[in-house]
Novice: 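Okay, handing you the structure first.
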Number of protein chains: 2
Amino acid sequence: MARPSPVSDQVRSLFAAEQKHLWSIDELHEAVVGALGAADYSTVFRAVTGMEKEGSIHRIDLGDGKVHYEISEGHHEHIRCDDCGRVVEVPGCVLEDASTSVRTSTGFVVTSHQLLFTGVCPECAAK
Amino acid sequence: MARPSPVSDQVRSLFAAEQKHLWSIDELHEAVVGALGAADYSTVFRAVTGMEKEGSIHRIDLGDGKVHYEISEGHHEHIRCDDCGRVVEVPGCVLEDASTSVRTSTGFVVTSHQLLFTGVCPECAAK
DNA sequence: ATAAATGCAAACGCTTTGCGAGTGC
DNA sequence: GCACTCGCAAAGCGTTTGCATTTAT
């Protein structure tokens with residue numbers, strides 16, 4: 001019952017690929033165009049929002065006015081360079097049992113979290 | 001040399017007030033209009049961006065597409081209810097010495113961070 | 001006169017949606 | 001024929017900016 005969907009498929013492959021883990025819709029669009037020759041931004045957008053509803057990817061807000069998406073497996077945090085804007089993944093979860101302490105202090109049951117460090121990357125520090 | 005600036009002053013008072021610590025530009029605008037009778041959104045916007053440059057307030061991104069601002073003193077984190085969207089401040093910094101561990105794992109020197117928990121607030125859990 | 005604060009309106013950037021056309025099944 | 005994907009274009013929405021006006025010094 002499903003028709004071939006080259007654009008959506010390509011978006012999925014991009015997320016599945018190991019090279020990059022954090023994508024803006026724009027970057028995805030560019031990559032899809034590069035791979036398929038042509039693709040519409042809105043099609044990429046719909047593929048992405050579909051995947052988000054499925055739960056296979058989720059939004060990451062880097063505070064730069066653009067929405068980013070990341071594959072759901074392997075939760076982790078990010079750190080962004082104040083200078084060049086580069087974003088790097090912070091291996092491991094820095095917040096192991098913070099949720100219980102948050103629960104006692106606020107009464108909220110923590111379901112998820114998103115942490116963004118900012119700092120200066122080695123390259124920028126070297127300048 | 002300075003002219004009276006009722007709008008900017010009002011914005012500053014709002015941040016100085018203890019009642020609310022997290023403001024969207026929209027909310028600030030509404031509050032200023034309520035207090036002064038009239039004020040332009042762009043004027044509030046300019047007051048806010050000025051304060052941000054001064055360093056007296058800083059942006060907080062709650063991932064809802066709007067920019068929020070918060071007074072700089074007393075760094076802390078936030079938790080937002082998945083259900084009703086309510087945002088509550090998490091007392092204390094949950095990340096005491098995470099920065100050194102981040103530094104060893106990524107090489108970045110951490111200058112700041114922003115953490116957003118999401119969860120379910122007591123009221124919504126009661127439903 | 002000068003410089004600052006403000007209001008108004010339009011531009012902008014990115015996200016989101018409506019709709020019609022194309023196409024496997 | 002049907003359901004689904006796609007492309008195109010426009011609408012939204014919040015942020016940002018240009019410009020003219022007002023006003024205290």
Side-chain angles (χ1 to χ4, degrees), chain A residues 1-16 22-54 56-70 80 85 87 114 116, chain B residues 1-16 20 22-54 56-70 78 80 85 87 114 116:
Chain A
M1 78 220 234
R3 279 184 46 194
S5 48
V7 177
S8 288
D9 292 348
Q10 185 63 30
V11 170
R12 284 171 199 279
S13 322
L14 287 169
F15 276 110
L22 198 56
W23 295 88
S24 68
I25 308 182
D26 217 43
E27 292 167 338
L28 284 167
H29 178 222
E30 255 183 71
V32 173
V33 168
L36 303 184
D40 195 74
Y41 184 95
S42 67
T43 305
V44 174
F45 170 79
R46 277 188 264 250
V48 163
T49 48
M51 291 179 71
E52 191 191 5
K53 269 178 196 153
E54 291 169 15
S56 42
I57 57 174
H58 62 275
R59 295 175 101 98
I60 297 290
D61 205 318
L62 297 179
D64 63 345
K66 291 188 189 178
V67 177
H68 294 250
Y69 289 91
E70 179 181 72
R80 179 184 57 202
V87 175
Q114 176 178 334
L116 176 64
Chain B
M1 79 229 236
R3 277 183 50 194
S5 48
V7 176
S8 288
D9 292 349
Q10 185 63 30
V11 170
R12 283 171 200 279
S13 324
L14 287 170
F15 276 110
K20 195 173 162 68
L22 200 55
W23 295 88
S24 67
I25 308 182
D26 217 43
E27 292 167 339
L28 285 167
H29 179 222
E30 255 184 70
V32 173
V33 169
L36 303 183
D40 194 74
Y41 184 94
S42 68
T43 306
V44 174
F45 169 79
R46 276 188 264 248
V48 164
T49 48
M51 291 179 71
E52 193 191 5
K53 269 177 198 154
E54 290 170 16
S56 42
I57 57 175
H58 61 273
R59 295 175 102 97
I60 296 289
D61 205 317
L62 297 178
D64 64 346
K66 291 188 189 177
V67 177
H68 294 251
Y69 290 91
E70 180 182 72
H78 299 99
R80 180 184 57 202
V87 174
Q114 177 178 333
L116 176 63

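Values below: every heavy atom of this structure, side chains too, minus hydrogens, waters and symmetry copies. Chain A is the first sequence line, chain B the second, and so forth, proteins listed ahead of strands; every chain is numbered from 1.
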Novice: Test of understanding: with salt bridge (charged side-chain N to carboxylate O under 4.0 Å, His left out), list the residues that count as partners of A:Glu52, not counting sequence neighbours.
Specialist: A:Arg59
Novice: Quick one: list whatever passes side chain to side chain donor-acceptor pair (under 3.5 Å) with A:Ser13, sequence neighbours left out.
Specialist: none
Novice: How many Å lie between NZ on B:Lys53 and P on D:dT16, as a whole number?
Specialist: 10 Å
Novice: For a quick check, with a 4.0 angstrom heavy-atom cut-off, what is the B/S/- contact string for nucleotides 7-17 of chain C, read 5' to 3'?
Specialist: BB-----SBBB
Novice: Out of curiosity, A:Asp40 CG to A:Phe45 CZ, how far, rounded to the nearest 0.5 Å?
Specialist: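 Between atom CG of A:Asp40 and atom CZ of A:Phe45 there are 12.0 Å.
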Novice: Residues two or more places apart in sequence or in another chain: which of them pass salt bridge (charged side-chain N to carboxylate O under 4.0 Å, His left out) with B:Arg46?
Specialist: none
Novice: Please state how far atom NE2 in A:His29 lies from atom C1' in D:dG7, giving the value in whole angstrom units.
Specialist: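 Whole-Å distance recorded here is 10 Å.
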Novice: What residues, two or more places apart in sequence or in another chain, satisfy side chain to side chain contact (heavy atoms under 4.5 Å, CB included) together with B:His29?
Specialist: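 Partners of B:His29 by the side chain to side chain contact (heavy atoms under 4.5 Å, CB included) criterion, ordered by chain and then number, come out as B:Val33, B:Tyr41, B:Val44.
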Novice: Report the residues that fulfil side chain to side chain contact (heavy atoms under 4.5 Å, CB included) with B:Glu70, sequence neighbours left out, ordered by chain and then residue number.
Specialist: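 B:His21, B:Leu22, B:His58, B:Ile60, B:His76, B:His78.
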Novice: Please identify each residue that fulfils side chain to side chain contact (heavy atoms under 4.5 Å, CB included) with A:Asp9, with sequence neighbours left out.
Specialist: A:Ser5
Novice: Going by salt bridge (charged side-chain N to carboxylate O under 4.0 Å, His left out), name the residues that satisfy it together with B:Glu27, two or more places apart in sequence or in a different chain.
Specialist: B:Lys20
Novice: For nucleotides 20-22 of chain D, give me every protein contact, N/O to N/O, under 3.5 Å, one pair per line with atom names.
Specialist:
| from | atom 1 | to | atom 2 | distance (Å) |
| --- | --- | --- | --- | --- |
| D:dT22 | O2 | B:Arg3 | NH1 | 3.2 |

